[in-house]
Amino acid sequence: MSDEEPVRPVRVVVADDQTAIREALATVLDLQPDLEVVATARDGEQALAAAAEHSPDVVLMDLNMPRVDGVEATRLITERFPAVAVVVLTTFADEQYILAALGAGARGYLTKESGRQDIARAVRVAAAGQSVLDPAVRDRLLAAAIKNSAPAEQAVSGLAPGLTPREIEVLTLIGEGLTNRAIAERLVVGEATVKTHINNVFAKAHLRDRAQAVKYAFVHGLVKAGG
């Protein structure tokens with residue numbers, strides 16, 4: 001008999017005000033052998049209560065909900081329960097919603113056009129301490145960067161001092177939408193090494209989160225819209 005303890009599944013709370021969507025998401029995630037839905041919530045207030053009661057690893061959060069909306073619920077959960085990751089799953093892909101949710105502390109942002117495997121993967125990635133952006137969301141952030149940046153800024157120049165060639169490479173791959181794991185595979189290094197590079201990039205470039213990193217990579221010409 002093996003002495004190894006079984007791997008604990010990722011514990012998930014699903015928050016969505018539409019009953020059919022909420023139940024469908026819970027069913028889809030529960031069918032994954034490494035995921036366990038421990039509670040569902042029909043609004044942000046219930047999501048906050050579920051996070052307090054069940055100590056989940058991840059809350060899958062809709063944005064447009066009654067009483068307490070998804071952005072405010074995300075802010076409260078990440079503030080009160082920093083070990084809980086929030087992944088937004090919403091119909092909204094507008095810049096204002098994306099930036100509001102990421103600014104509130106969401107670790108991932110998907111649209112409801114995402115497939116069930118993409119949603120499950122995002123939950124796993126968030127539980128592992130990484131971030132994930134839907135390709136459509138990344139494109140919106142790049143479009144916002146284009147709109148808000150002067151043409152002269154859209155060239156490889158003015159990068160933060162002290163960034164090493166490898167850190168610039170990692171920043172470029174973040175701008176292209178790759179997760180930490182995908183970056184590690186691309187560069188043939190460990191995920192811990194990638195995290196160290198990312199922490200260095202964020203510190204040197206004064207970046208708060210992955211959304212800012214995507215915009216920074218575009219503004220400095222490291223990636224192109226649609227690239």
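Ion pairing between Asp17 and Arg67 fails under the 4.0 Å rule for side-chain N and carboxylate O. Note on Asp69 versus Arg75: no salt bridge recorded, every NZ/NE/NH1/NH2 to OD/OE distance being 4.0 Å or above.
Counting heavy atoms from C-beta outward, Leu25 and Thr40 have side chains that stay 4.5 Å or more apart. Counting heavy atoms from C-beta on, the side chains of Ile198 and Asn180 come closer than 4.5 Å. Looking at Val189 and Val194, their side chains come closer than 4.5 Å, going by heavy atoms from C-beta outward. Looking only at side-chain heavy atoms (C-beta outward), Asp16 and Lys112 come within less than 4.5 Å of each other. Looking only at side-chain heavy atoms (C-beta outward), Tyr109 and Leu63 come within less than 4.5 Å of each other. Tyr216 has its side chain out of reach of Ile174: every pair of non-hydrogen atoms, C-beta onward, lies at least 4.5 Å apart. Residues Leu60 and Ile119 have side chains in contact (heavy-atom distance under 4.5 Å, counting atoms from C-beta outward). Leu187 is listed as a side-chain neighbour of Arg166, based on a closest heavy-atom distance under 4.5 Å.
Put simply, OG1 on Thr164 and NZ on Lys204 are 5.5 Å apart, with the number rounded to the nearest 0.5 Å. We find the CG-NE2 distance between Leu173 and His197 to be 11.0 Å, quoted to the nearest 0.5 Å. Between atom CG of residue Asp134 and atom CG of residue Leu110 there is a gap of 5.5 Å, rounded to the nearest 0.5 Å. To the nearest 0.5 angstrom, Asp30 atom CG is 12.0 Å from Glu23 atom CD.
A donor atom on one side chain and an acceptor atom on the other are not found under 3.5 Å apart for Asn64 and Thr90. Of the N and O atoms on the side chains of Gln32 and Arg124, at least one donor lies less than 3.5 Å from an acceptor on the other residue.
Within the hydrophobic cluster formed by Ile, Leu, Val, Met, Phe, Trp and Tyr side chains joined at under 4.5 Å, directly or through other members, Val38 is accompanied by Val13, Leu48, Val59, Met61, Met65, Leu76, Ile77, Phe81, Val84, Val86.
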